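To keep things clear, I will list the structure first and then write my remarks on it.
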Amino acid sequence: MSEVTATPAKPAAKPAAPAAHGAAKPVAAAKMTPEMSAIAAKFGGAVEAAQYEGLLVTDHSKFIEIATYVRDVLKYNQLTNNTATDYIKDGVIEVVNQFTRVPQGGAPLTLKLRVPRPSGHDKTQPVPSLCPLYPGAEFQERETYDMYGVVFEGNPDLRRILMWEGFNGWPLRKDWKEAYYEGDTKPFESRWPGGDHKLAEERVPWEDNVNYPPGFDPFAFKPHPDGDIYDSMLAPSDGTVSIDNGHGVAPTIVEGLNASEMAELKTDEIIVNMGPQHPSTHGVLRMVVKLDGEKVTDLKLALGYLHRNHEKIGERNTWLHNIPYTDRLDYITGIYNEWGYVLGVERMMGLKTTDRVEYLRVITGELTRLASHFWAIGFLLNDLGAFFTPALYFITERDLIIDLLEAVTGSRMMCNYMRFGGVSRDFTSAQWAMARELAFERLPRTIDELDHFLTENEILKARSIGTGYMSADRCIAHSLTGPCLRAAGIGYDVRRADPYGYYDRFDFDIPVLYNGDVYDRYLVRVQEMRESLKIIQQALNQAETQSKVGDIQGGKKAYNHRVPAGQCYARVETPKGELGYYLVSDGNQNPYKYHIRSCSYINLNSMKEMAVGQKVADSVVILGSLDIVLGEVDR
Amino acid sequence: MAIIGSGILTGLGVTLRHFVETYIEDFKYMGKKAGVQPRMIRRQSPKAKGIVTIEYPMEKMPVPENFRYIPFLVKDDKTNEDRCTSCGICAKVCPPQCIWIARTEDPVTKRPVPAPKDFFIDSTICMNCGYCAEFCPFDAIKMNTDYEIAYYPETENDMRLVYDKNRLTMNESFHWNIHPSVKAAELEAKAADEAKAKAAAEAAAKKAAADAAKKVALAAAPVVPDAPVASVAPTPAAGGAAMAARAAAAARAAAAAKK
Ligand code: SF4
Ligand code: SF4
């Protein structure tokens with residue numbers, strides 16, 4: 001059984017003060033942890049137990065004070081997750097913040113805020129922003145603003161981030177309807193028993209179903225959606241880099257020139273757009289960089305080109321429907337995404353899994369970690385200019401891994417392997433033999449070869465040592481997770497910090513390095529691959545003796561799960577960092593709220609600080625070292 | 001500290017080895033016909049060295065049995081009947097909701113008949129998740145392994161990617177051909193079903209005459225050691241030992257199906 005570390009959604013005896021969403025049933029209040037009691041004792045009147053989980057801050061003016069206390073006294077130094085939930089029946093929008101202790105880990109602390117739900121497409125009244133305390137809040141708050149129209153007072157750049165500027169409405173509010181809207185929840189009535197196929201376009205002509213802002217004429221529209229980005233970057237700078245990113249506030253200096261020569265050398269400031277269609281941005285991502293000569297003085301990211309409103313689809317779906325959708329987030333690590341999601345639902349439902357299931361999850365999950373790191377290192381080398389020779393060697397190895405996953409699960413990347421309380425299939429003996437061959441023979445050899453091939457390469461070292469440095473404190477403050485955080489000297493890994501699955505049965509290390517630059521991120525990934533192999537080898541050996549073949553479904557094979565009302569924040573350590581699922585159930589077949597704490601997206605938050613002051617060519621390398629996948633960034 | 005450039009040279013050594021291995025592998029297969037399976041399979045296996053690519057579409061790797069693409073419906077070879085009972089479960093579990101099922105109605109009573117009148121799968125929406133095949137209680141929908149379904153549209157309104165029942169339906173033999181590992185189990189289940197039906201019919205026919213023979217039959221029926229405890233074996237009537245064995249087989253198949 002997976003360990004339950006998040007507060008399970010057990011109804012406590014005391015009914016909650018705030019009214020329930022859904023039906024007007026009283027909803028269980030959260031269980032008080034010692035930390036929550038400490039806050040309640042100190043800020044008596046300003047907080048109360050929230051429904052299901054965490055504390056509700058009723059006095060918004062105290063919120064920053066409470067958050068400071070949480071950060072400095074209780075030592076929850078990282079803002080893990082920020083999102084909102086629209087309780088339409090209660091007429092409130094609830095902002096949820098989750099904090100973790102890094103690197104100690106443990107269950108996260110939840111602080112909530114409620115604002116009245118405005119009518120129509122109005123924004124909410126402002127709530128205090130956490131950006132001054134936790135810079136990592138910036139992108140997350142922008143997303144919450146984008147999706148719910150919650151205004152965060154104090155966020156430095158509160159613009160839409162995933163939707164475009166001309167978008168009308170707040171897509172994750174419960175009364176917002178997408179184009180070709182058919183119903184609030186699946187399964188749709190029209191499919192059975194009187195199903196007659198119609199294209200979505202025939203069923204709902206798009207003219208009837210698309211909202212425009214008042215006075216907006218789509219045919220007269222001239223796009224200038226990026227005015228905000230450029231305007232904010234156009235202010236002339238005095239040649240100094242205004243961000244303190246650990247390099248100190250340094251004037252732009254060309255190495256090898258003295259001050260008088262520098263004064264003679266005139267460089268112009270220009271703004272350059274990189275992407276969205278650019279091989280070095282790893283997908284449809286646009287970086288707007290302001291350059292002084294070759295030096296980056298400002299950087300902004302334009303995201304959302306791949307946005308598909310995954311979370312809205314997730315709320316329309318049934319619980320089961322969502323599993324294959326999670327494959328499409330970070331499509332390099334499909335299995336791990338599923339794991340995070342089923343883990344959350346299993347905790348809410350109290351489902352048990354069998355030994356076999358846990359071993360299979362570890363084996364397939366760690367195989368995807370290897371595949372992802374092969375991919376990440378290959379493409380990092382691409383960004384460094386080693387065009388595709390290393391990448392193709394590693395893609396070969398990754399291909400063997402996904403060949404195996406294909407044979408087991410039926411699909412190379414969109415595995416759809418996990419089920420609630422189980423997995424879909426067991427390995428056959430031939431597949432098991434292939435897994436053994438990979439884990440004990442092929443992959444150890446190729447990882448050694450990778451190390452031998454690249455690690456001492458002078459060009460790689462010259463380009464990456466010292467590039468993209470970020471100090472440990474800033475990494476934590478920026479909510480950075482994954483190999484990048486561990487390369488800065490913080491041994492934080494969810495597999496150890498908030499354990500799940502059978503990871504406590506294996507002997508493995510969390511590699512940590514201390515320079516916080518691109519080279520260390522590369523080295524950490526290589527080390528992690530070795531550790532993953534160790535885990536897979538042990539899991540294969542243990543599974544043979546300690547589990548029964550074919551014992552893959554804990555619960556019975558059901559498709560219409562009803563998850564007890566409650567909420568859960570489940571997180572797993574994917575190859576990219578901490579992937580979290582914030583789930584709220586109102587007891588129905590469909591999730592009431594389905595939010596993904598996307599590590600690729602949140603890691604991008606630190607991109608600016610890492611790149612400012614560096615050469616423009618290095619900004620590409622820094623992006624490569626963050627290892628993002630746009631399917632997860634944009635969702 | 002190592003000599004400057006030694007790191008690069010080591011790296012170049014690795015690329016050189018890959019380069020040479022490519023030719024060694026090719027020499028091994030020289031003189032044999034290009035595109036032969038063993039070479040291809042080795043190139044794509046954990047034993048692969050050197051060049052690993054195959055030349056699709058001239059060479060095609062066989063896909064694994066579990067591979068899933070677009071679903072198809074199975075019909076019985078002999079009776080030509082659909083296995084599908086239009087129960088609608090696949091339409092409910094389908095995540096993007098790309099299955100449309102029209103249930104047959106009895107023309108007289110207007111009551112539903114367990115057979116689909118029409119069945120659509122919009123393959124432009126299908127996400128190849130395999131849920132429909134996994135959750136169908138009648139093994140009536142299975143995943144096809146043919147991934148080459150692209151085509152050039154011939155008319156402006158070419159809807160070939162929306163499959164109707166006609167184009168979805170495939171023979172049982174086709175299904176068993178691409179999914180050989182399930183054939184035995186399905187045949188066994190089918191035989192068990194038939195045995196059960198026959199048993200029920202026989203039991204009904206002989207019920208009247210059974211009373212006298214009952215005691216004898218029960219005494220003659222051997223205890224089947226591996227019959228599951230919770231089996232719902234039909235009452236063995238005058239059939240005797242053979243009957244009891246068949247009933248046990250049916251119960252076993254039912255238990256296996258439940259797993
Ligand atoms: S294919 Fe299977 S699940 Fe779908 S309607 Fe037919 S019998 Fe039911
Ligand atoms: S494979 Fe998945 S998406 Fe496709 S028809 Fe079946 S259930 Fe629907």
Side-chain angles (χ1 to χ4, degrees), chain A residues 182 186-188 190-200 313 317-318 320-325 327-328 386 389-390 393 396 399-400 403-404 406-412 414 416 424-425 428 431 434 437-438 441-443 449 452-461 550 553 557 559-560, chain B residues 2 4-8 10-11 13-15 17-18 44-48 52-53 61 63-69 86-103 105 112 116 118-122 124-125 127-131 134-135 143 159 162 164 181 258-259:
Chain A
E182 201 180 338
K186 292 174 186 174
F188 298 137
S190 66
R191 298 303 193 269
W192 177 83
D196 183 19
H197 175 264
K198 279 209 169 66
L199 294 177
I313 299 173
N317 281 345
T318 66
L320 185 74
H321 287 166
N322 272 336
I323 301 176
Y325 276 91
D327 284 329
R328 275 95 178 150
T389 300
Y393 290 172
T396 307
D399 218 53
L400 292 171
D403 275 347
L404 174 63
E406 180 188 28
V408 175
T409 69
S411 187
R412 300 176 77 78
M414 306 300 144
N416 192 15
S424 69
R425 283 195 189 94
T428 62
Q431 290 155 1
M434 180 172 175
E437 184 169 0
L438 283 177
E441 281 164 40
R442 172 95 192 188
L443 295 176
E449 186 191 83
H452 181 65
F453 183 29
L454 296 173
T455 306
E456 288 305 319
N457 186 302
E458 284 81 4
I459 304 175
L460 169 70
K461 284 166 107 172
Q553 284 282 349
K557 194 159 140 185
Y559 59 91
N560 43 2
Chain B
I4 300 279
S6 62
I8 294 177
T10 347
V14 173
T15 46
R17 199 177 65 235
H18 275 260
Q44 298 276 307
S45 80
K47 302 217 165 29
V52 293
T53 45
M61 278 295 287
V63 288
E65 186 183 342
N66 282 343
F67 178 74
R68 47 184 148 83
Y69 206 56
S86 78
C87 68
I89 287 176
C90 55
K92 284 181 201 140
V93 296
C94 175
Q97 296 283 290
C98 67
I99 303 182
W100 281 259
I101 304 168
R103 194 167 51 191
E105 265 180 11
D118 218 336
F119 201 112
F120 297 97
I121 291 183
D122 189 338
T124 60
I125 302 177
M127 70 199 294
N128 325 116
C129 66
Y131 272 167
E134 188 174 330
F135 287 95
M143 302 304 285
M159 297 270 282
V162 180
D164 60 9
S181 74
K258 250 183 239 153
K259 265 182 217 157

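On a predicted model such as this, the values are computed, not experimentally measured, just so you know. A, B, ... follow the sequence lines: proteins, then strands. Residue 1 opens every chain.
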Which heavy atom of Glu458(A) sits nearest to which heavy atom of Ser6(B), and what is that distance? OE2-N, 3.4 Å
Grab the two heavy atoms, one from Arg442(A) and one from Ser45(B), that are nearest each other, plus how far apart they are. NH1-O, 4.4 Å
Proximity breakdown for Met143(B) and chain A, heavy-atom pairs closer than 4.5 Å: neither
Thr389(A): partners by side chain to side chain donor-acceptor pair (under 3.5 Å), with sequence neighbours left out: none
Option in Ala407(A), Pro390(A), Ser424(A) with maximal non-hydrogen atom pairs under 4.5 Å from chain B: Ala407(A)
Which of Glu65(B), Met61(B), Lys47(B) touches chain A most, by non-hydrogen pairs under 4.5 Å: Lys47(B)
Heavy-atom pair of closest approach, residues Ser86(B) and Trp192(A): O-NE1, 2.9 Å
With a 4.5 angstrom heavy-atom cut-off, is it the side chain or the backbone of Val93(B) that approaches chain A, or both, or neither? both
Can you say whether Pro64(B) sits under 4.5 Å from chain A via the side chain, the backbone, both, or neither, judging by heavy atoms? side chain
Proximal component of Tyr393(A), with respect to chain B [non-hydrogen, under 4.5 Å]: side chain
Heavy-atom distances under 4.5 Å only: say whether Leu454(A) touches chain B with side chain, backbone, both or neither. neither
Heavy-atom closest pair, residues Arg328(A) and Met127(B): NH2-O, 2.9 Å
Counting heavy-atom pairs under 4.5 Å to chain A, which of Met159(B), Glu105(B), Arg103(B) comes out on top? Arg103(B)
Top contributor to chain A interface from Ala91(B), Pro112(B), Gly13(B), Pro96(B) [non-hydrogen pairs under 4.5 Å]: Pro96(B)
Tell me, side chain or backbone of Asp399(A) under 4.5 Å from chain B's heavy atoms, or both, or neither? side chain
Please examine the side chains of Met414(A) and Cys129(B), heavy atoms only from C-beta on, and report whether any two atoms are closer than 4.5 Å. no
Work out which heavy atom in Arg68(B) is nearest to a heavy atom in Ser411(A); give both atom names and the distance. NH1-CB, 3.6 Å
Does the Asn66(B) side chain pair with the main chain of Thr409(A), one donor and one acceptor, at a distance under 3.5 Å? no
What's the verdict on side-chain contact (heavy atoms from CB on, under 4.5 Å) for His18(B) and Glu449(A), showing C-alpha distance, side-chain angles and the deciding distance? CA-CA 11 Å; His18(B) 275 260; Glu449(A) 186 191 83; 3.0 Å; yes
Keeping Asn457(A) on the side-chain end and Ile8(B) on the backbone end, is there a donor-acceptor pair under 3.5 Å? no
Side chain to side chain donor-acceptor pair (under 3.5 Å) involving Thr318(A) - partner list, sequence neighbours excluded: His321(A)
Counting only non-hydrogen atoms closer than 4.5 Å, does Ile99(B) touch chain A with its backbone (N, CA, C, O), its side chain (CB onward), both, or neither? backbone
For the student: nearest non-hydrogen atoms of Gly11(B) and Phe453(A), plus distance: O-CE1, 3.3 Å
Among Thr53(B), Thr124(B), Asp122(B), which residue forms the greatest number of heavy-atom pairs with chain A at distances under 4.5 Å? Asp122(B)
Among Ala102(B), Gly7(B), Pro46(B), Gly88(B), the residue with the most heavy-atom pairs under 4.5 Å to chain A is Pro46(B)
Counting N and O atoms only, with roles assigned by atom type, does the side chain of Gln97(B) sit under 3.5 Å from a partner on the main chain of Phe188(A), one being a donor and the other an acceptor? yes
Where the side chain of Lys186(A) meets the backbone of Lys92(B), is there a donor-acceptor pair that is under 3.5 Å apart? no
Please confirm whether the backbone N or O of Cys90(B) pairs with a side-chain atom of Arg191(A), one donor and one acceptor, at under 3.5 Å? no
Contact origin within Glu437(A) toward chain B - heavy atom pairs under 4.5 Å: side chain
Given side chains that start at C-beta, do those of Thr10(B) and His452(A) come closer than 4.5 Å, heavy atoms only? yes
